[in-house]
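Before any comments, here is the structure.
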Amino acid sequence: MTSRVAAAIDAAHAAGRGAFVGYLPLGFPDLATSIDAAVALAEAGADVLELGPPYSDPVMDGVVIQEATQTALAAGFRLRDTFTAVREIAARVDVPILVMTYWNPVLQYGVDRFADDLAAAGGAGLITPDITPDAAPEWIAASERTGLDRVFLAAPTSTDERLRMIAAESTGFVYTVSTMGITGERAELDAAARTLVGRLRDFGAGHACVGIGISTPDQVAGVVEYADGAIVGTALVRALRDGGVSALTETARALAAGTPRRAV
């Protein structure tokens, strides 16, 4: 099946841009507002939506996103609300929707059931930060059956063997992690991410989008010089927290303005 996410990235490239992937947590500050926020993000220029069901132990998330997800859980968000949100967002905007989720909720829900319900809601696939392809045969089979994209993560510390596996098993794009641990100097992040994207391409990755530590239009512009797209989360969540959907829209438009690729 054709990847809707890859098609969206290719469409951005055809327009002379890198792709803008925007992340928001579902249920923050409440379910209805999070749906409106995702729609606004798409309308403001996001090529792909990355939506995160809140999780009680978000090991990869920074403070801003952790606080947002805790607010969502405290307000009563349940995993089944993910499919309600995806269905309503998909009915309002024609932008592929990836769900970014830790693996335990999918496992508890049932891998095939989760895949079926996400596909039925109009979702495009999953980003799974804490499971690797060699540990995910059930998910790989379910995604192939349902046509959902499976986005695995690659890090600067990944071995060549693991990168080869990630490139082979990912669809849509590979989530290219710019740094491990605490964010360092931007020049260091750029160098690590640029090298990692090159390694992934050597191993046959179709698309590689860079995330972690990207929060300004200039940083987006720098990333799309060498990667297929830039992933932004914290800056969007902070805007939503501090100024509501209108502030989120303004921030998203500014970030989208950084995606045109420079002529070389």
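Numbers here are sequence positions counted from 1. Everything quoted here is computed from the prediction, not taken from an experiment.
- Between A40 and V245, the shortest heavy-atom contact is CB-CG1, 3.7 Å.
- Proximity of L31 to F77: side-chain heavy atoms (C-beta onward) are separated by under 4.5 Å at one or more points.
- Between Y23 and V237 the shortest side-chain heavy-atom distance falls below 4.5 Å.
- Distance check: R199 CZ to L163 CG gives 4.5 Å after rounding to the nearest 0.5 Å.
- Residue D160 qualifies as enclosed at atom CG: its count of foreign heavy atoms under 6.0 Å is above 12.
- Side-chain contact between V210 and Q219: absent, with no pair of heavy atoms (C-beta onward) separated by less than 4.5 Å.
- D47 contributes no side-chain N or O that, together with a main-chain N or O of I9, makes up a donor-acceptor pair within less than 3.5 Å.
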Show the numbers, then the answer: is there a side-chain contact (heavy atoms from CB on, under 4.5 Å) between L148 and W139?
CA-CA 10 Å; L148 294 171; W139 162 230; 4.0 Å; yes
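- A 4.5 Å side-chain heavy-atom check between V151 and V5 finds every atom pair outside the cut-off.
- For the atom pair L24 CG and T33 OG1, the distance stands at 11.5 Å (nearest 0.5 Å).
- Taken from CG in D81 to CG in L26, the straight-line distance is 9.0 Å, to the nearest 0.5 Å.
- Using a 4.5 Å heavy-atom cutoff, the side chains of I231 and Y175 are in contact.
- With hydrogens and angles ignored, the 3.5 Å screen pairs a side-chain donor or acceptor of T69 with a backbone N or O of Q66.
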Check the pair D134 / T132 against side chain to side chain donor-acceptor pair (under 3.5 Å), numbers first and verdict last.
CA-CA 6 Å; D134 52 327; T132 54; 2.6 Å; yes
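- In this structure a side-chain-to-backbone donor-acceptor pair under 3.5 Å is present from R150 to E169.
- Across all non-hydrogen atoms, the minimal contact from A154 to V174 is CB-CG1, 3.8 Å.
- Among the candidates T176, D10, T171, the single residue satisfying the side-chain hydrogen bond (donor to acceptor under 3.5 Å, both in side chains) test with H207 is D10.
- Side-chain contact between D149 and L98 is present, with at least one heavy-atom pair separated by less than 4.5 Å.
- Panel note: side chain R261, backbone V224; a donor-acceptor pair is recorded below 3.5 Å.
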Under the side-chain contact (heavy atoms from CB on, under 4.5 Å) criterion, do R145 and D116 qualify, and how do the steps go?
CA-CA 9 Å; R145 177 178 59 80; D116 288 337; 2.9 Å; yes
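- Heavy-atom minimum distance, A247 versus A239: CB-O, 3.5 Å.
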With side-chain contact (heavy atoms from CB on, under 4.5 Å) as the test, would you mind laying out the steps for F203 and M165 before giving the verdict?
CA-CA 9 Å; F203 291 125; M165 180 191 308; over 6 Å; no
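- Among all heavy-atom pairs drawn from T101 and P129, the shortest one is O-CD, 3.2 Å.
- One distance of note links CG of L79 with CG of D117; it measures 9.5 Å at 0.5 Å rounding.
- Distance check, rounded to the nearest 0.5 Å: CD1 of I166 to CD of E161 gives 11.0 Å.
- Between Y109 and F83, the ring planes lie tilted relative to each other; the angle falls in the 30° to 60° range.
- Listed for the S178 side chain is a donor-acceptor partner under 3.5 Å among the backbone atoms of I212.
- Here the shortest heavy-atom pairing between D228 and G206 reads OD2-O, 4.1 Å.
- With rounding to the nearest 0.5 Å, the separation of CG in L255 from CD in E250 is 11.0 Å.
- Here the closest non-hydrogen pair linking A124 and P96 is CB-CB, 3.9 Å.
- Under the 4.0 Å criterion applied to side-chain N and carboxylate O atoms, R92 and D36 are assigned as salt-bridge partners.
- For the pair T128/F152, a side-chain contact is recorded, criterion being any heavy-atom separation below 4.5 Å from C-beta on.
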Any chance you could lay out the side-chain contact (heavy atoms from CB on, under 4.5 Å) test for L240 and T251, step after step, and finish with the verdict?
CA-CA 9 Å; L240 178 61; T251 299; over 6 Å; no
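- Residues T234 and S215 have side chains not in contact (no heavy-atom distance under 4.5 Å, counting atoms from C-beta outward).
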